[in-house]
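In this chain, numbering begins with 1 at the start of the sequence shown.
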Amino acid sequence: MKRMKRLVAVSVCAVMMLTGCSTTTPPTTTPPAVETADPAAKMTPGTYTSVGTGFKGDITVNVTVTEDAITEIAVGDNHETYGIGAAAMPVMIEDMLEYQTYSVDSVAGATVTSAGFRLAVKDALTQAGADMTKFGAGIEKGELTDETIDADIVVVGAGGAGMMAAYYAAKEGYNVVIIEKTPLVGGASAMAGGTLLGTDSKWQDELGYEDSTDALKARLLAQGHNQNHEPTVDLYMSFIADNFNWIVDEDGGNMPYNKTGSGATFSMDGSGTAVMQTLKEKMLAAGATLYTSTRATELIVDNGTVVGVKATGKEANYTINARAVVLATGGYGHNTEIVPKEYQTSYRYSGHSGHDGDALKMIEAVDGATRNIPWVNRAVHSMILPSGAPQYTNMGYVVFNEMSGILINEKGERFAAEVGNDWDLLAAMDQNERHYLFMDQENYDAFNNGMSGRGIFNADDPEKWTSDDYKGQPFYKKGATIEELAAKIDVPADALKATMEKFNATVNSGATEDEYGRPLHTTISEEGPYYALEMSVRYSTSLGGICINDNMQVLNTSEQPVAGLYAAGEVVGGVQGDLYLPSSTFTWAMTSGVQVGKVLSKDLAE
């Protein structure tokens, strides 16, 4: 199918773009495989500039060397995500300088940024005449020491759920150790919009917004086609309001959410990355101890009770003894052995690269139970960034949906409501070979403003992407006329024109909605230019996971609680059905983290 061919072609293109670098001096013409320079060769001292392709575009890197060493690596112009890609590069720089090699590990959660940054540094070293058998060698680390740590609570995973659990318990005076296998905190929560559902909260009451947990439960079940685990949904509904209140209260979590908007949801400046960085700071200030680049390897079990974890860090193997263990390791979307093969071949993964289902392996030691494995959420409204990575477009998509942008397929025809029932749209997109957002100038401007306003890409990127000489991703085309655009995206011009005329006629008829149930507002301009952005389907969030009881305790296959073991966040299965409800997963992570903190504060005090 054409879709499959395009998927492969884009992946190859992304790799090629990552290797493309602009330099201050002519780049080497030596084939990459030939890296056997004279061991006695010296570098030419100086600073060398190279450009690699990151998650959101070009990354400029300046590398300073002496004859024998890399002395400085400075990051120049880039637009990588705050708290994710932007935070990954300093981690890599530290390792590159310490071990004197560009060949350092990628940072999980920022693998695209890591790859582009690493290749840019390699190119700069090549310019300097570096011996790649030396400066491209893998890291050789010394033998790890053995250390023992004693704590009240150990939390495995420093995403939204894990850090919120650690924050609450630390504020209550408990000795909390939280470990994170990657160098960065936040996990999938840092990649989210950071929006919290305020269902039944004090803020909703004060704003006069009518909502209820009964209504939210109905929405969750409808979105998940009643495949949710209803007792777990009921547990969620039992604490969502109180725990939201704690998160935003000055006397509670005091997270700086904005008490503005419709009242359905509440956001914080800076999206999920800013939420996670703020939560990290508050958690540490409350007294929790954080170990990053530290992977939990197994539970410590004594006569059926979990009494700690073993973990491996950069410098030591840890035995962490604790009165309670919280699993908050996220999902399994990055694990190719769990995710269905058809997802891996037909769609693109947009989740956290550290989500390998670690906890699923760990709970085997206590016969832990799971449900709905290997369900993974699919999502529409995705574009492809220059890196080849999928990116959600909701903030731009919703804006133009209030105008007249439409979705078309390779036949130049509409096939579903642009915003509405995601399941129906997914099913419709699966019948197409290709799909595009079709926009006039007004819609194009609104869409791009929505995206650039949230920092997804730069305001001037679309002009570059839609130019005739641009060959990479995203596949974003401009035509002065319908005919010119149709030729560029390989759809029948007469069909596309007929589609536009039918849409406009429906709007002009005075109808309030069209045949797909989409509310109608304005017509598509009859004068160009026109634009088309190719869209795709992505997958990310795990829908299955560990079974828990109402006390947030992990259950075994006999449905009995495992003493000393708790879980929160995406690692728990059953909150969602076969499709997640927007904002509900992030809200579950944050509020279930608070709930574990509350439960442990009570249980450990008794």
Side-chain angles (χ1 to χ4, degrees), residues 18 21 35-37 39-52 54-55 59-76 78 80 82-147 149 158 178-186 277 280 284 289-297 311-318 353-354:
L18 285 171
C21 301
E35 295 182 352
T36 55
K42 302 293 185 179
M43 291 186 288
T44 302
T47 298
Y48 298 84
T49 300
S50 185
V51 178
F55 187 75
I59 302 171
T60 301
V61 177
N62 299 301
V63 180
T64 301
V65 301
T66 63
E67 288 187 346
D68 303 302
I70 308 168
T71 58
E72 182 180 4
I73 301 174
V75 181
N78 73 93
E80 298 305 280
Y82 165 74
I84 304 178
M89 292 183 284
V91 172
M92 296 180 72
I93 289 173
E94 182 178 349
D95 284 346
M96 288 176 176
L97 293 176
E98 179 178 353
Y99 296 104
Q100 289 294 297
T101 177
Y102 74 83
S103 187
V104 300
D105 291 339
S106 294
V107 174
T111 52
V112 174
T113 300
S114 299
F117 179 72
R118 187 167 46 234
L119 286 170
V121 173
K122 176 184 178 182
D123 180 80
L125 291 172
T126 301
Q127 294 177 53
D131 174 10
M132 290 305 177
T133 61
K134 174 182 177 183
F135 292 99
I139 295 176
E140 294 185 9
K141 299 180 180 179
E143 186 174 345
L144 299 179
T145 61
D146 293 323
E147 294 187 22
I149 300 170
I178 180 168
I179 60 175
E180 167 58 45
K181 71 177 182 180
T182 76
L184 308 177
V185 301
Q277 292 302 310
K280 172 188 173 182
L284 294 177
T289 302
L290 170 66
Y291 290 81
T292 56
S293 298
T294 303
R295 178 188 295 270
T297 56
T312 298
K314 294 180 70 173
E315 299 178 353
N317 290 313
Y318 298 103
S353 58

Would Tyr48 and Asp123 count as a side-chain contact (heavy atoms from CB on, under 4.5 Å) if you check the C-alpha gap in whole Å, the side-chain angles of each, and the deciding distance to 0.1 Å?
-> CA-CA 9 Å; Tyr48 298 84; Asp123 180 80; over 6 Å; no
Before giving the answer on side-chain contact (heavy atoms from CB on, under 4.5 Å), spell out for Ile149 and Tyr291 the whole-Å C-alpha distance, their side-chain angles and the decisive distance to 0.1 Å.
-> CA-CA 12 Å; Ile149 300 170; Tyr291 290 81; 3.4 Å; yes
Would you check, one step at a time, whether the test side-chain contact (heavy atoms from CB on, under 4.5 Å) holds for Glu315 with Thr145?
-> CA-CA 7 Å; Glu315 299 178 353; Thr145 61; 5.6 Å; no
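Considering only heavy atoms from C-beta on, Met96 stays 4.5 Å or farther from Thr101 through its side chain. Taking the side chain as every heavy atom from C-beta outward, Thr294 and Thr312 never approach each other to under 4.5 Å. Taking the side chain as every heavy atom from C-beta outward, Thr47 and Val63 never approach each other to under 4.5 Å. Using a 4.5 Å heavy-atom threshold, the side chains of Val75 and Ile93 count as touching. Taking 4.5 Å as the limit, every side-chain heavy atom of Asn78 sits out of range of all side-chain heavy atoms of Thr60.
Taken from OG1 in Thr111 to CZ in Arg118, the straight-line distance is 9.5 Å, to the nearest 0.5 Å. A distance of 6.5 Å separates CG of Leu125 from CE of Met43, quoted to the nearest 0.5 Å. Atom OG1 of Thr182 and atom CZ of Arg295 lie 9.5 Å apart (nearest 0.5 Å). Note: Leu290 CG to Ile178 CD1 = 6.5 Å, rounded to the nearest 0.5 Å. Rounded to the nearest 0.5 Å, atoms CG (Asn317) and OG1 (Thr297) are 7.5 Å apart. Distance check: Ile73 CD1 to Asn62 CG gives 10.5 Å after rounding to the nearest 0.5 Å.
Within the 3.5 Å criterion, the main-chain N or O of Val107 finds a donor-acceptor partner in the side chain of Ser114. With hydrogens and angles ignored, the 3.5 Å screen pairs a side-chain donor or acceptor of Gln127 with a backbone N or O of Thr49. Remark: side-chain polar atoms of Gln100 are paired, donor with acceptor, to backbone N or O of Leu97 under 3.5 angstrom. No donor-acceptor pair closer than 3.5 Å links the side chain of Thr64 to the backbone N or O of Thr71. The closest donor-acceptor contact from the side chain of Glu80 to the backbone of Phe55 lies under 3.5 Å. Counting only distance, with no hydrogens or angles, the side chain of Lys181 and the backbone of Gly354 share a donor-acceptor pair below 3.5 Å.
Across Val65 and Ala128, no two heavy atoms sit closer than the pair CG2-CB, 3.9 Å. Nearest heavy-atom pair, Ile59 versus Met89, reported as atom, atom and distance to 0.1 Å: CG2-SD, 3.7 Å. Across every non-hydrogen atom of Gly85 and Ala110, the tightest pair is CA-CB, 4.1 Å. Minimum heavy-atom separation, Val51 to Ala120: C-CB, 4.2 Å. Asp95 and Lys314 get closest at one heavy-atom pair: OD1-NZ, 3.3 Å.
Side-chain contact, Thr133 with Asp131: a donor N or O sits under 3.5 Å from an acceptor N or O.
With sequence neighbours left out, Tyr99 forms a ring pair (Phe, Tyr, Trp, His ring centres under 6.0 Å) with no residue at all. Take Phe135 and apply the ring pair (Phe, Tyr, Trp, His ring centres under 6.0 Å) test, not counting sequence neighbours, and it matches no residue.
Within 6.0 Å of CD on Glu147 lie more than 12 heavy atoms contributed by other residues, nucleotides or ligands. Environment of NZ in Lys280: sparse, with no more than 12 heavy atoms of neighbouring residues, nucleotides or ligands closer than 6.0 Å.
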